[in-house]
Amino acid sequence: MTSKKGSDYKASNIQVLEGLEAVRKRPSMYIGDTAQRGLHHLINEVVDNSIDEALAGYCDYIKVIVHKDSSITISDNGRGIPVDMHPKLNLPAVEVVLTKLHAGGKFDKDSYKVSGGLHGVGVSCVNALSIFFSAEIHRDGKIYVMEFERGATKVPLKEIGKTKETGTKIRFKPDPEIFTQTTEFKFDIISDRMRELAFLNPQITVDIFDERAEEDEESSVTFHYSGGVKDFVSYLDETRQSLMDEPIYIEGEIDNVPVELAMQYNDSYTENVHSYVNNINTREGGTHISGFRRALTRCFKNYAEKNNIIKSNSKITVSGEDFREGMTCVLSVKVAEPQFEGQTKTKLGNSEVQSAVEVILYDKLNEFLEQNPKIAKKILEKVVIAAEARAAARKARQLIQRKSVMSGGGLPGKLADCSIKDPEHSEIYLVEGDSAGGSAKMGRNRSFQAILPLRGKILNVEKAKINKILENKEIQAMITALGTSVGHEEEFELEKLRYHKIIIMTDADVDGSHIRTLLLTFFYRYMHPLVDGGYIYIATPPLYRITSTRGKIDYAWDDDTRDKIIRDLRKSKKKFDVSRYKGLGEMNPEQLWETTMDPETRTLQQVTIENAAAADKMFSTLMGGDVEPRREFIEKNSKYAQLDI
Ligand code: 0RA
């Protein structure tokens, strides 16, 4: 990594493009969306600048404060935004940085512009989208401040005192005119990202304070991990049984591409490889991931042959994915000029990165295996079992297909299909229990709504091998109904998906939320593209029914609404009866339609993954082996854990 000596910044380095009107006109173009995700993106956009300072070797502390009024303060101990005058524009550099689009002094190729959010649009966008924005800069022995409203300068740059420190403090309050859905920041979304950044940048410490927290709630957290990606892997595998004492850690640099990787095998059957380029989670993979896979496969195959572990006459064929089953890995590379491709621009395209990762991993992993024959043997035994299970799974998959062909239309008997065949306009309800399934079948609009009742608890896929999963009747029914098959990459066929809305409808009780989590775990692990594509939804049946005179029925989805309805009824001196729905089965078909299934009146919650590593951790904790961490996790996260994955 480069580390610049001294403060050699000049205002004229800044490349100026245009003003901020464009950002306010089309905010989604710059921050992705203006809903919850975009809102939180504002924080990332500012923090990315602090991380850039850290990567350049000037910053090791970042503090985030969530204020009561939904504003955010982010401060760092970097060099501070430059304040010298820009010769051509006749503006202080900081004003250019904060009020001009794409302004930034980091365009020279010598310096790594390694950090940067998905969109990498800069702090000026945050300014444009805030009703209030202030910057306090400690630099050259002086303290400066500047204030803005919706991107327009309200208080020009002024000096307000002296200081011995350097750094930048930015406070902003998102504009509710832009963020019409919500301006409420979620502590867990912020902390998931800050934790991730702390793992990926071991030199930094991040503090988060939540001033909104009630007395009994956790209101601050500190992240610092001197072990970097190695600590990250240990954290992700906290609730899994590891096959080794500590993760393998590998590091190196080729062609100006620093590569860092930690990996560990555990007793699960899922592959958890998280890759990052310049701190950005590359969900779609890319050249660094191909380099990783090639090296891994080559290395283990060589070792196995050399040591006669997999006999050449053996019937099993070991494939690349068998080497990654039950593996947790974090791969982090830094690339000076990354090319991002793919649907969500999270796939690395730079070809030079493949060989950099491949060469570094191959050499060092080889060395590790030679030095640790016991671990090597354990891993390879596991790989052989994975290969056998995969062969069995292939048979099970074919069986599911054959069965569905033999049963005529090929659909499971319990499915009440819809009449429309256009997936884009069709939806399927996965319903807990046969009795609720019956109500749903009667209450639905059969033209576009299909119903698949699921009996009892589906299998916990976190603890089962793929061949066992495919033998499960409920899972088989889902696979055939959805039409996509299951598994990684080639095996999964998104284009065959028969419904573009898959709606999980379970009771609003402990069992219901357990079944929902089991289903989500299954989709997350074995039908990942459905989660990524936003096809999965959760139905929200009401919690209370309030019946008043002449059979008028009100529904309430939470306690506050219930209390308000009761107050109003009392005021108008009406008699009423309140009951809590214990299960979907207590609703008659009309009620179920009206409250939970009618597109005009229902509320569906779309399942999205904000942070893949955090989601992995959540599922392994909720569904993994250890009871105690699960209990703790549920208690700590009960407010969020249900939906915000
Ligand atoms: C422009 C140029 C330099 C640093 C920054 C901006 C900068 C921006 C932010 C936003 C939050 N914290 C920040 N820290 C720094 C380079 C400075 C130099 O070369 O001295």
Side-chain angles (χ1 to χ4, degrees), residues 1-17 20 31 41-65 71-87 89 91-117 119-130 133-148 151 157 163 165-172 190 193-194 197 201 203-208 279:
M1 204 142 322
T2 58
S3 173
K4 280 199 198 165
K5 283 168 223 81
S7 191
D8 52 3
Y9 179 84
K10 293 275 171 331
S12 56
N13 290 356
I14 294 171
Q15 199 181 339
V16 181
L17 294 174
L20 295 177
I31 56 163
H41 192 83
L42 300 179
I43 298 181
N44 299 343
E45 208 54 64
V46 178
V47 169
D48 283 346
N49 287 271
S50 310
I51 295 284
D52 279 347
E53 288 293 288
L55 290 168
Y58 297 104
C59 165
D60 63 6
Y61 181 67
I62 301 168
K63 179 160 86 179
V64 180
I65 306 170
S71 67
I72 299 283
T73 295
I74 293 155
S75 45
D76 66 51
N77 63 351
R79 285 168 291 185
I81 307 178
V83 290
D84 54 329
M85 290 302 274
H86 190 281
L89 289 166
L91 289 173
V94 51
E95 187 161 350
V96 180
V97 168
L98 297 180
T99 64
K100 304 291 178 206
L101 206 48
H102 293 268
K106 297 159 190 169
F107 287 84
D108 51 322
K109 287 191 185 166
D110 310 333
S111 75
Y112 272 107
K113 168 77 178 119
V114 289
S115 171
H119 305 268
V121 288
V123 229
S124 61
C125 288
V126 180
N127 186 13
L129 304 178
S130 298
F133 185 106
S134 71
E136 181 182 308
I137 294 146
H138 293 230
R139 195 177 164 107
D140 306 327
K142 300 186 184 101
I143 304 173
Y144 303 88
V145 291
M146 194 167 186
E147 288 178 18
F148 307 84
L157 187 68
T163 178
E165 319 288 324
T166 65
T168 306
K169 174 151 91 186
I170 282 168
R171 181 167 180 166
F172 67 92
I190 301 171
R193 177 59 181 160
M194 296 305 136
L197 284 172
N201 304 278
Q203 71 272 42
I204 63 166
T205 300
V206 187
D207 275 333
I208 315 174
N279 294 321

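One-based numbering, in listed order, for ligands and for the atoms of each. Here the structure is a predicted model, which is why all the values come from computation and not from measurement.
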Regarding [X] and [Y], is there a side-chain donor-to-acceptor distance under 3.5 Å anywhere?
| X | Y | answer |
| --- | --- | --- |
| Tyr61 | Asp207 | yes |
| His138 | Thr166 | no |
| Ser71 | Arg171 | yes |

Does ligand 1 come near enough to Arg139 that some N or O of the ligand is less than 3.5 Å from an N or O of the residue?
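Indeed, backbone or side chain, Arg139 has an N or O that close.
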
Ligand 1 N/O within reach of Asn49 N/O, cut-off under 3.5 Å:
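No, there is no polar N/O contact under 3.5 Å.
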
Using heavy atoms and a threshold below 4.0 Å, how should the contact between Asp76 and ligand 1 be classified: side chain, backbone, both, or neither?
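Under 4.0 Å from ligand 1, Asp76 contributes side-chain atoms alone.
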
Quick one: which of Gly167, Cys59, Ala135, Pro82 has a heavy atom closest to atom 17 (C) of ligand 1?
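Considering heavy atoms of Gly167, Cys59, Ala135, Pro82, the nearest to atom 17 (C) of ligand 1 sits in Pro82.
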
Checking side-chain contact (heavy atoms from CB on, under 4.5 Å) for the pair Ile137/Lys169: CA distance, chi angles, key distance, verdict?
CA-CA 6 Å; Ile137 294 146; Lys169 174 151 91 186; over 6 Å; no

